[in-house]
2 protein chains.
Amino acid sequence: MARAGLTAERVTEAAADLADAVGFENITVSALARSFGVKDASLYSHVRNLRDLRERVALLAAGELADRIAAAVAGRAGKEAMVAFANAYRNYALAHPGRYAATQAVQLDPAALARSTVYARTIELTHAMLRAYRLAEPDLTDAGRLLRSAFHGYITLEANGGFSHSRAVQRSWERALDGLHLLLENWPAESPPHTADGERT
Amino acid sequence: MARAGLTAERVTEAAADLADAVGFENITVSALARSFGVKDASLYSHVRNLRDLRERVALLAAGELADRIAAAVAGRAGKEAMVAFANAYRNYALAHPGRYAATQAVQLDPAALARSTVYARTIELTHAMLRAYRLAEPDLTDAGRLLRSAFHGYITLEANGGFSHSRAVQRSWERALDGLHLLLENWPAESPPHTADGERT
DNA sequence: TACCTTTGCCTAGATGTATTAGGCAAACAC
DNA sequence: GTGTTTGCCTAATACATCTAGGCAAAGGTA
(Lines give C-alpha, C1' and ligand atoms only; values in the text may rest on other atoms or scores of the structure.)
Protein backbone atom coordinates (compact mmCIF):
# COMPACT_ATOMS: atom_id res chain seq x y z
CA MET A 1 0.00 0.00 0.00
CA ALA A 2 1.71 3.21 -1.17
CA ARG A 3 1.68 6.14 1.22
CA ALA A 4 -0.19 9.28 0.36
CA GLY A 5 2.69 11.53 1.39
CA LEU A 6 0.84 13.81 3.74
CA THR A 7 2.41 16.74 5.53
CA ALA A 8 0.87 19.45 7.63
CA GLU A 9 1.33 21.91 4.76
CA ARG A 10 -0.28 19.68 2.16
CA VAL A 11 -3.18 18.97 4.48
CA THR A 12 -3.64 22.66 5.20
CA GLU A 13 -3.66 23.57 1.54
CA ALA A 14 -6.15 20.87 0.70
CA ALA A 15 -8.31 22.10 3.54
CA ALA A 16 -8.13 25.62 2.12
CA ASP A 17 -9.16 24.37 -1.31
CA LEU A 18 -11.99 22.44 0.27
CA ALA A 19 -13.06 25.58 2.13
CA ASP A 20 -13.17 27.54 -1.12
CA ALA A 21 -15.30 24.81 -2.64
CA VAL A 22 -17.81 24.08 0.12
CA GLY A 23 -17.44 26.97 2.57
CA PHE A 24 -15.16 27.34 5.55
CA GLU A 25 -17.79 26.22 8.05
CA ASN A 26 -18.31 22.99 6.14
CA ILE A 27 -14.81 21.60 6.09
CA THR A 28 -14.55 18.30 7.93
CA VAL A 29 -11.68 16.02 8.73
CA SER A 30 -13.61 13.19 7.14
CA ALA A 31 -14.06 14.93 3.81
CA LEU A 32 -10.42 15.95 3.83
CA ALA A 33 -9.32 12.38 4.50
CA ARG A 34 -11.54 11.15 1.67
CA SER A 35 -9.97 13.64 -0.72
CA PHE A 36 -6.56 12.13 0.09
CA GLY A 37 -7.86 8.56 0.00
CA VAL A 38 -6.83 7.90 3.60
CA LYS A 39 -8.66 7.25 6.84
CA ASP A 40 -9.75 10.06 9.14
CA ALA A 41 -7.38 9.04 11.90
CA SER A 42 -4.38 9.43 9.60
CA LEU A 43 -4.76 13.20 9.50
CA TYR A 44 -4.37 13.47 13.24
CA SER A 45 -0.68 12.71 12.87
CA HIS A 46 -0.26 15.99 11.01
CA VAL A 47 -2.85 18.23 12.58
CA ARG A 48 -3.81 18.31 16.22
CA ASN A 49 -7.56 18.51 15.69
CA LEU A 50 -10.19 20.33 13.68
CA ARG A 51 -9.63 23.59 15.50
CA ASP A 52 -5.92 23.41 14.77
CA LEU A 53 -6.65 22.72 11.13
CA ARG A 54 -8.89 25.74 10.88
CA GLU A 55 -6.31 27.94 12.51
CA ARG A 56 -3.74 26.77 9.99
CA VAL A 57 -6.04 27.59 7.11
CA ALA A 58 -6.66 31.02 8.61
CA LEU A 59 -2.96 31.77 8.86
CA LEU A 60 -2.32 30.45 5.36
CA ALA A 61 -5.04 32.66 3.93
CA ALA A 62 -4.02 35.73 5.89
CA GLY A 63 -0.49 35.31 4.56
CA GLU A 64 -1.64 34.91 0.97
CA LEU A 65 -3.88 37.93 1.27
CA ALA A 66 -1.08 40.06 2.72
CA ASP A 67 1.17 38.98 -0.15
CA ARG A 68 -1.40 40.04 -2.73
CA ILE A 69 -1.89 43.38 -1.05
CA ALA A 70 1.84 43.98 -0.70
CA ALA A 71 2.33 43.31 -4.41
CA ALA A 72 -0.55 45.60 -5.28
CA VAL A 73 0.54 48.62 -3.27
CA ALA A 74 4.24 48.33 -4.14
CA GLY A 75 5.31 51.39 -6.09
CA ARG A 76 2.00 53.19 -5.73
CA ALA A 77 0.90 56.04 -3.51
CA GLY A 78 -2.17 58.07 -2.67
CA LYS A 79 -5.41 57.16 -4.32
CA GLU A 80 -3.70 54.71 -6.64
CA ALA A 81 -2.33 52.78 -3.67
CA MET A 82 -5.66 52.87 -1.87
CA VAL A 83 -7.55 51.58 -4.88
CA ALA A 84 -4.95 48.89 -5.55
CA PHE A 85 -5.13 47.77 -1.91
CA ALA A 86 -8.90 47.64 -2.01
CA ASN A 87 -9.09 45.74 -5.26
CA ALA A 88 -6.44 43.23 -4.21
CA TYR A 89 -8.39 42.66 -1.02
CA ARG A 90 -11.71 42.29 -2.77
CA ASN A 91 -10.45 40.15 -5.62
CA TYR A 92 -8.82 37.73 -3.21
CA ALA A 93 -11.91 37.46 -1.08
CA LEU A 94 -14.18 36.86 -4.05
CA ALA A 95 -11.85 34.36 -5.69
CA HIS A 96 -11.21 32.47 -2.44
CA PRO A 97 -14.32 32.79 -0.32
CA GLY A 98 -13.47 29.89 1.98
CA ARG A 99 -9.94 31.11 2.62
CA TYR A 100 -11.19 34.63 3.23
CA ALA A 101 -13.86 33.44 5.62
CA ALA A 102 -11.13 31.61 7.51
CA THR A 103 -9.26 34.84 8.14
CA GLN A 104 -12.36 36.20 9.85
CA ALA A 105 -14.10 33.23 11.39
CA VAL A 106 -11.20 32.01 13.45
CA GLN A 107 -10.71 33.38 16.93
CA LEU A 108 -6.96 33.10 17.28
CA ASP A 109 -5.68 32.58 20.76
CA PRO A 110 -2.83 34.89 21.76
CA ALA A 111 -0.35 32.05 21.40
CA ALA A 112 -1.16 31.59 17.73
CA LEU A 113 -1.10 35.34 17.23
CA ALA A 114 2.37 35.56 18.68
CA ARG A 115 3.58 32.69 16.50
CA SER A 116 2.66 34.57 13.36
CA THR A 117 3.28 38.08 12.12
CA VAL A 118 0.59 38.17 9.44
CA TYR A 119 -1.84 40.36 11.27
CA ALA A 120 0.78 42.91 12.23
CA ARG A 121 1.87 42.86 8.60
CA THR A 122 -1.62 43.70 7.42
CA ILE A 123 -1.79 46.68 9.72
CA GLU A 124 1.60 47.86 8.52
CA LEU A 125 0.42 47.58 4.94
CA THR A 126 -2.64 49.62 5.77
CA HIS A 127 -0.53 52.34 7.31
CA ALA A 128 1.87 52.34 4.37
CA MET A 129 -1.06 52.68 1.99
CA LEU A 130 -2.32 55.65 3.97
CA ARG A 131 1.03 57.39 4.11
CA ALA A 132 0.37 59.83 1.28
CA TYR A 133 -2.69 61.16 3.09
CA ARG A 134 -0.35 62.47 5.80
CA LEU A 135 -2.47 61.54 8.78
CA ALA A 136 -0.95 61.75 12.25
CA GLU A 137 -1.89 59.50 15.14
CA PRO A 138 -4.51 58.86 16.32
CA ASP A 139 -6.14 59.79 13.02
CA LEU A 140 -4.02 57.22 11.25
CA THR A 141 -5.36 54.42 13.41
CA ASP A 142 -8.92 55.68 13.15
CA ALA A 143 -8.79 56.03 9.38
CA GLY A 144 -7.13 52.65 9.04
CA ARG A 145 -9.81 50.98 11.10
CA LEU A 146 -12.56 52.61 9.09
CA LEU A 147 -10.98 51.62 5.80
CA ARG A 148 -10.48 48.00 6.75
CA SER A 149 -14.02 47.92 8.10
CA ALA A 150 -15.44 49.30 4.89
CA PHE A 151 -13.50 46.84 2.74
CA HIS A 152 -14.31 43.89 4.89
CA GLY A 153 -17.94 44.83 5.31
CA TYR A 154 -18.47 45.51 1.64
CA ILE A 155 -17.01 42.20 0.62
CA THR A 156 -18.87 40.14 3.19
CA LEU A 157 -22.17 41.73 2.32
CA GLU A 158 -21.48 41.30 -1.36
CA ALA A 159 -20.45 37.68 -0.97
CA ASN A 160 -23.49 36.87 1.17
CA GLY A 161 -25.88 38.40 -1.32
CA GLY A 162 -26.58 41.36 0.96
CA PHE A 163 -26.88 43.74 -1.97
CA SER A 164 -29.98 43.49 -4.02
CA HIS A 165 -29.30 43.23 -7.70
CA SER A 166 -30.75 46.50 -8.82
CA ARG A 167 -27.40 48.19 -9.42
CA ALA A 168 -24.14 46.67 -10.60
CA VAL A 169 -21.90 46.06 -7.62
CA GLN A 170 -18.70 46.81 -9.50
CA ARG A 171 -19.76 50.37 -10.29
CA SER A 172 -21.05 50.86 -6.78
CA TRP A 173 -17.75 49.64 -5.37
CA GLU A 174 -15.81 52.13 -7.45
CA ARG A 175 -17.95 54.96 -6.16
CA ALA A 176 -17.34 53.76 -2.62
CA LEU A 177 -13.61 53.93 -3.22
CA ASP A 178 -13.97 57.43 -4.68
CA GLY A 179 -15.85 58.42 -1.55
CA LEU A 180 -13.30 56.92 0.80
CA HIS A 181 -10.49 58.68 -1.03
CA LEU A 182 -12.26 61.98 -0.64
CA LEU A 183 -12.79 61.26 3.03
CA LEU A 184 -9.13 60.48 3.59
CA GLU A 185 -8.11 63.72 1.92
CA ASN A 186 -10.43 65.68 4.19
CA TRP A 187 -10.22 63.73 7.42
CA PRO A 188 -12.05 65.86 9.98
CA ALA A 189 -10.36 67.38 12.99
CA GLU A 190 -11.04 65.95 16.42
CA SER A 191 -14.43 66.93 17.78
CA PRO A 192 -15.93 66.64 21.27
CA PRO A 193 -17.20 63.18 22.18
CA HIS A 194 -20.69 62.18 21.21
CA THR A 195 -23.75 62.12 23.42
CA ALA A 196 -25.23 59.35 25.47
CA ASP A 197 -26.44 57.15 22.64
CA GLY A 198 -22.95 56.12 21.74
CA GLU A 199 -22.19 54.74 25.16
CA ARG A 200 -23.40 51.25 25.65
CA THR A 201 -25.73 50.62 28.54
CA MET B 1 -44.70 13.64 33.06
CA ALA B 2 -45.52 17.34 32.58
CA ARG B 3 -44.98 18.76 29.13
CA ALA B 4 -42.39 21.39 28.53
CA GLY B 5 -44.73 23.54 26.46
CA LEU B 6 -42.60 24.01 23.41
CA THR B 7 -43.59 26.08 20.42
CA ALA B 8 -41.61 27.11 17.39
CA GLU B 9 -41.31 30.64 18.82
CA ARG B 10 -40.07 29.50 22.21
CA VAL B 11 -37.57 27.17 20.60
CA THR B 12 -36.33 29.92 18.32
CA GLU B 13 -35.86 32.35 21.17
CA ALA B 14 -34.02 29.80 23.26
CA ALA B 15 -31.80 29.11 20.29
CA ALA B 16 -31.10 32.81 19.95
CA ASP B 17 -30.17 33.05 23.62
CA LEU B 18 -27.97 30.02 23.24
CA ALA B 19 -26.33 31.63 20.22
CA ASP B 20 -25.57 34.76 22.22
CA ALA B 21 -24.01 32.61 24.91
CA VAL B 22 -21.92 30.15 22.91
CA GLY B 23 -21.77 31.61 19.40
CA PHE B 24 -24.11 31.13 16.49
CA GLU B 25 -22.00 28.40 14.88
CA ASN B 26 -22.08 26.38 18.07
CA ILE B 27 -25.79 26.02 18.55
CA THR B 28 -26.91 22.40 18.36
CA VAL B 29 -30.26 20.71 18.55
CA SER B 30 -28.91 18.56 21.37
CA ALA B 31 -27.88 21.48 23.57
CA LEU B 32 -31.19 23.17 22.91
CA ALA B 33 -33.10 20.05 23.87
CA ARG B 34 -31.05 19.76 27.04
CA SER B 35 -31.87 23.35 27.98
CA PHE B 36 -35.56 22.46 27.78
CA GLY B 37 -35.11 19.14 29.53
CA VAL B 38 -36.50 17.20 26.57
CA LYS B 39 -35.08 14.75 24.07
CA ASP B 40 -33.53 15.89 20.80
CA ALA B 41 -36.23 14.33 18.69
CA SER B 42 -38.91 16.39 20.42
CA LEU B 43 -37.68 19.58 18.82
CA TYR B 44 -38.27 18.24 15.35
CA SER B 45 -42.00 18.63 15.86
CA HIS B 46 -41.53 22.38 16.02
CA VAL B 47 -38.61 23.00 13.72
CA ARG B 48 -37.88 21.23 10.47
CA ASN B 49 -34.17 20.74 11.05
CA LEU B 50 -31.05 22.58 12.15
CA ARG B 51 -30.96 24.71 9.03
CA ASP B 52 -34.55 25.75 9.57
CA LEU B 53 -33.78 26.62 13.18
CA ARG B 54 -30.89 28.81 12.14
CA GLU B 55 -33.01 30.58 9.57
CA ARG B 56 -35.62 31.30 12.20
CA VAL B 57 -33.01 32.75 14.51
CA ALA B 58 -31.71 34.89 11.66
CA LEU B 59 -35.14 36.28 10.91
CA LEU B 60 -35.86 36.88 14.60
CA ALA B 61 -32.62 38.78 15.01
CA ALA B 62 -33.02 40.78 11.83
CA GLY B 63 -36.45 41.85 13.02
CA GLU B 64 -35.22 42.87 16.45
CA LEU B 65 -32.37 44.80 14.92
CA ALA B 66 -34.68 46.62 12.54
CA ASP B 67 -36.94 47.51 15.46
CA ARG B 68 -34.06 49.01 17.40
CA ILE B 69 -32.90 51.00 14.42
CA ALA B 70 -36.40 52.23 13.65
CA ALA B 71 -36.80 53.43 17.21
CA ALA B 72 -33.42 55.13 17.11
CA VAL B 73 -33.90 57.09 13.89
CA ALA B 74 -37.49 58.09 14.62
CA GLY B 75 -37.71 61.84 14.92
CA ARG B 76 -34.12 62.47 13.96
CA ALA B 77 -32.52 63.67 10.75
CA GLY B 78 -29.12 64.31 9.25
CA LYS B 79 -26.09 63.52 11.31
CA GLU B 80 -28.17 62.86 14.38
CA ALA B 81 -30.13 60.17 12.54
CA MET B 82 -27.00 58.65 11.06
CA VAL B 83 -25.26 58.46 14.43
CA ALA B 84 -28.36 57.05 16.11
CA PHE B 85 -28.68 54.41 13.38
CA ALA B 86 -25.05 53.47 13.73
CA ASN B 87 -25.12 53.23 17.49
CA ALA B 88 -28.32 51.23 17.55
CA TYR B 89 -26.75 48.85 15.06
CA ARG B 90 -23.51 48.53 16.97
CA ASN B 91 -25.07 48.27 20.40
CA TYR B 92 -27.36 45.49 19.28
CA ALA B 93 -24.53 43.57 17.67
CA LEU B 94 -22.29 43.87 20.70
CA ALA B 95 -25.04 42.99 23.16
CA HIS B 96 -26.28 40.06 21.06
CA PRO B 97 -23.32 38.64 19.21
CA GLY B 98 -24.95 35.33 18.42
CA ARG B 99 -28.13 36.89 17.11
CA TYR B 100 -26.15 39.37 15.06
CA ALA B 101 -23.97 36.64 13.60
CA ALA B 102 -27.16 34.87 12.61
CA THR B 103 -28.27 37.79 10.47
CA GLN B 104 -25.05 37.48 8.51
CA ALA B 105 -24.13 33.81 8.57
CA VAL B 106 -27.35 32.51 7.12
CA GLN B 107 -27.74 32.24 3.39
CA LEU B 108 -31.47 32.72 3.01
CA ASP B 109 -33.05 31.00 0.09
CA PRO B 110 -35.35 33.21 -2.00
CA ALA B 111 -38.38 31.49 -0.50
CA ALA B 112 -37.48 32.57 3.03
CA LEU B 113 -36.65 36.04 1.76
CA ALA B 114 -40.06 36.37 0.18
CA ARG B 115 -41.75 35.15 3.37
CA SER B 116 -40.23 37.99 5.36
CA THR B 117 -39.91 41.70 4.83
CA VAL B 118 -37.13 42.38 7.31
CA TYR B 119 -34.38 42.87 4.80
CA ALA B 120 -36.39 45.23 2.68
CA ARG B 121 -37.25 47.10 5.87
CA THR B 122 -33.59 47.52 6.74
CA ILE B 123 -32.87 49.00 3.34
CA GLU B 124 -35.81 51.35 3.69
CA LEU B 125 -34.52 52.46 7.07
CA THR B 126 -31.12 53.11 5.55
CA HIS B 127 -32.63 55.26 2.85
CA ALA B 128 -34.77 57.14 5.35
CA MET B 129 -31.73 57.84 7.47
CA LEU B 130 -29.91 59.20 4.43
CA ARG B 131 -32.79 61.41 3.34
CA ALA B 132 -31.41 64.62 4.80
CA TYR B 133 -28.24 64.25 2.75
CA ARG B 134 -30.37 64.72 -0.37
CA LEU B 135 -28.70 62.10 -2.51
CA ALA B 136 -30.30 61.04 -5.78
CA GLU B 137 -30.08 57.58 -7.27
CA PRO B 138 -27.73 55.88 -7.91
CA ASP B 139 -25.76 57.81 -5.29
CA LEU B 140 -28.32 56.88 -2.67
CA THR B 141 -27.78 53.19 -3.27
CA ASP B 142 -24.02 53.56 -3.40
CA ALA B 143 -23.84 55.59 -0.21
CA GLY B 144 -26.22 53.22 1.54
CA ARG B 145 -24.12 50.23 0.59
CA LEU B 146 -20.97 51.90 1.80
CA LEU B 147 -22.54 52.88 5.08
CA ARG B 148 -23.91 49.45 5.84
CA SER B 149 -20.57 47.96 4.87
CA ALA B 150 -18.70 50.27 7.19
CA PHE B 151 -21.03 49.57 10.11
CA HIS B 152 -21.05 45.85 9.56
CA GLY B 153 -17.33 45.64 8.97
CA TYR B 154 -16.46 47.75 11.96
CA ILE B 155 -18.59 45.69 14.28
CA THR B 156 -17.39 42.33 13.03
CA LEU B 157 -13.77 43.33 13.26
CA GLU B 158 -14.33 44.78 16.70
CA ALA B 159 -16.18 41.70 17.93
CA ASN B 160 -13.53 39.36 16.55
CA GLY B 161 -10.71 41.25 18.21
CA GLY B 162 -9.47 42.59 14.89
CA PHE B 163 -8.47 45.89 16.44
CA SER B 164 -5.37 45.90 18.57
CA HIS B 165 -5.90 47.49 21.93
CA SER B 166 -3.68 50.50 21.52
CA ARG B 167 -6.53 52.98 21.10
CA ALA B 168 -9.97 52.93 22.66
CA VAL B 169 -12.44 51.60 20.15
CA GLN B 170 -15.29 53.83 21.32
CA ARG B 171 -13.39 57.02 20.48
CA SER B 172 -12.24 55.55 17.19
CA TRP B 173 -15.80 54.64 16.30
CA GLU B 174 -16.99 58.18 16.95
CA ARG B 175 -14.32 59.54 14.64
CA ALA B 176 -15.39 57.04 11.99
CA LEU B 177 -18.94 58.35 12.23
CA ASP B 178 -17.70 61.92 11.98
CA GLY B 179 -15.82 60.93 8.86
CA LEU B 180 -18.77 59.16 7.29
CA HIS B 181 -21.00 62.16 7.97
CA LEU B 182 -18.52 64.42 6.24
CA LEU B 183 -18.39 62.02 3.33
CA LEU B 184 -22.16 61.95 2.98
CA GLU B 185 -22.30 65.72 2.95
CA ASN B 186 -19.71 65.85 0.17
CA TRP B 187 -20.57 62.76 -1.83
CA PRO B 188 -18.44 63.03 -4.97
CA ALA B 189 -19.89 63.41 -8.43
CA GLU B 190 -19.77 60.47 -10.80
CA SER B 191 -16.32 59.95 -12.27
CA PRO B 192 -15.14 57.79 -15.18
CA PRO B 193 -14.73 54.09 -14.37
CA HIS B 194 -11.49 52.87 -12.87
CA THR B 195 -8.67 51.11 -14.66
CA ALA B 196 -8.00 47.45 -15.14
CA ASP B 197 -7.19 46.51 -11.56
CA GLY B 198 -10.74 46.83 -10.48
CA GLU B 199 -12.02 44.33 -13.00
CA ARG B 200 -11.73 40.82 -11.79
CA THR B 201 -9.85 38.41 -14.01
C1' DT C 1 23.13 -6.86 3.47
C1' DA C 2 21.04 -6.79 7.91
C1' DC C 3 19.33 -3.98 11.64
C1' DC C 4 16.84 -0.32 13.84
C1' DT C 5 14.46 3.77 14.41
C1' DT C 6 11.23 6.80 12.78
C1' DT C 7 7.02 7.77 10.98
C1' DG C 8 2.89 7.26 7.98
C1' DC C 9 -1.16 5.14 7.84
C1' DC C 10 -4.10 1.55 9.68
C1' DT C 11 -8.01 -0.85 12.70
C1' DA C 12 -11.04 -0.51 16.49
C1' DG C 13 -13.74 1.92 19.46
C1' DA C 14 -15.82 5.75 22.40
C1' DT C 15 -18.56 9.74 22.14
C1' DG C 16 -21.58 13.26 20.24
C1' DT C 17 -24.68 15.10 16.76
C1' DA C 18 -28.57 15.25 13.17
C1' DT C 19 -32.51 13.11 11.67
C1' DT C 20 -36.48 9.70 10.76
C1' DA C 21 -40.20 6.37 12.02
C1' DG C 22 -43.44 5.05 14.81
C1' DG C 23 -45.87 4.99 19.51
C1' DC C 24 -48.20 6.47 23.80
C1' DA C 25 -50.56 9.55 26.53
C1' DA C 26 -51.85 14.23 27.89
C1' DA C 27 -54.75 18.13 26.37
C1' DC C 28 -58.54 19.62 24.17
C1' DA C 29 -63.22 19.79 21.38
C1' DC C 30 -67.66 18.38 21.65
C1' DG D 1 -66.84 10.37 28.02
C1' DT D 2 -65.27 9.65 23.31
C1' DG D 3 -62.34 11.05 19.61
C1' DT D 4 -58.83 13.87 17.78
C1' DT D 5 -55.00 16.47 18.02
C1' DT D 6 -50.56 17.27 19.53
C1' DG D 7 -46.38 17.01 22.57
C1' DC D 8 -42.92 14.26 23.80
C1' DC D 9 -41.10 9.65 23.86
C1' DT D 10 -38.06 5.27 22.38
C1' DA D 11 -35.41 3.19 18.93
C1' DA D 12 -32.44 3.18 15.16
C1' DT D 13 -29.38 4.99 11.37
C1' DA D 14 -25.78 7.72 9.55
C1' DC D 15 -21.92 10.41 9.99
C1' DA D 16 -18.54 13.42 12.62
C1' DT D 17 -14.47 14.08 15.95
C1' DC D 18 -10.90 12.07 18.31
C1' DT D 19 -7.86 8.46 21.04
C1' DA D 20 -5.12 4.20 21.65
C1' DG D 21 -2.43 1.02 19.98
C1' DG D 22 -0.36 -1.70 15.94
C1' DC D 23 2.04 -2.83 11.63
C1' DA D 24 4.85 -1.94 7.95
C1' DA D 25 7.32 1.16 4.83
C1' DA D 26 11.39 4.67 4.52
C1' DG D 27 15.57 5.93 5.62
C1' DG D 28 19.83 5.96 8.34
C1' DT D 29 23.60 3.04 10.38
C1' DA D 30 26.69 -0.81 10.77
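Below, chains carry the letters A, B, ... as their sequence lines are ordered, and counting in each starts from 1. Source: prediction; values computed, not measured.
Distances were taken from every side-chain heavy atom of A/Leu50 (C-beta onward) to each of D/dC9, C/dC9, D/dC18; the shortest belongs to D/dC18. Taking only side-chain atoms of B/Ser45, from C-beta outward, the nucleotide of D/dT17, D/dC8, C/dC10 with the closest atom is D/dC8. Closest contact between the side chain of B/Lys39 and the listed nucleotides C/dT11, D/dC9, C/dA18 involves D/dC9. Distances were taken from every side-chain heavy atom of B/Ala41 (C-beta onward) to each of D/dT10, C/dC10, D/dT17; the shortest belongs to D/dT10. Out of C/dG8, C/dT11, D/dG7, the shortest distance to the side chain of B/His46 is found at D/dG7.
As judged by a 4.0 angstrom heavy-atom cut-off over every strand, B/Thr28 is placed among residues touching the sugar-phosphate backbone only. Looking at heavy-atom distances under 4.0 Å, A/Arg51 makes no contact with the nucleic acid at all.
The interatomic distance linking B/Arg48 (CZ) with C/dA18 (P) rounds to 17 Å, in whole Å. Rounded to an integer number of Å, the gap from B/Tyr44 OH to D/dA12 P is 19 Å. Taking atom CG on A/Asn26 and atom C1' on C/dA18, their separation rounds to 14 Å, with Å as the unit. Summarising the geometry, the separation between CG on A/Asn49 and P on D/dA20 is reported as 13 Å, rounded to the nearest angstrom. Distance, A/Asp40 CG to C/dG8 C1': 15 Å, rounded to whole Å. Between the CG atom of B/Leu6 and the P atom of C/dA26 there is a distance of 17 Å, given to the nearest Å. In this structure, B/Glu25 places its CD atom 16 Å from P of C/dT17, rounding to the nearest Å. Across the protein-nucleic acid pair, A/Leu43 atom CG and C/dC9 atom P stand 9 Å apart, rounded to whole Å.
Residues B/Ala72 and B/Arg76 share a closest heavy-atom pair of O-NE, 2.9 Å. Closest approach of B/Ala14 to B/Leu32, counting heavy atoms only: C-CD1, 3.7 Å.
A centroid separation of 6.0 Å or more is found between the aromatic rings of B/Tyr89 and B/Tyr154. For A/His96 and A/Tyr100, the gap between ring centers reaches or exceeds 6.0 Å.
In terms of phosphate contacts, B/Ser42 brings a side-chain nitrogen or oxygen within less than 4.0 Å of OP1 or OP2 of D/dC9. In this model, the phosphate group of D/dA16 is approached by a side-chain N or O of A/Arg34 to a distance below 4.0 Å at OP1 or OP2.
When only modelled atom types and interatomic distance are considered, A/Asn87 and A/Trp173 share a side-chain donor-acceptor pair under 3.5 Å.
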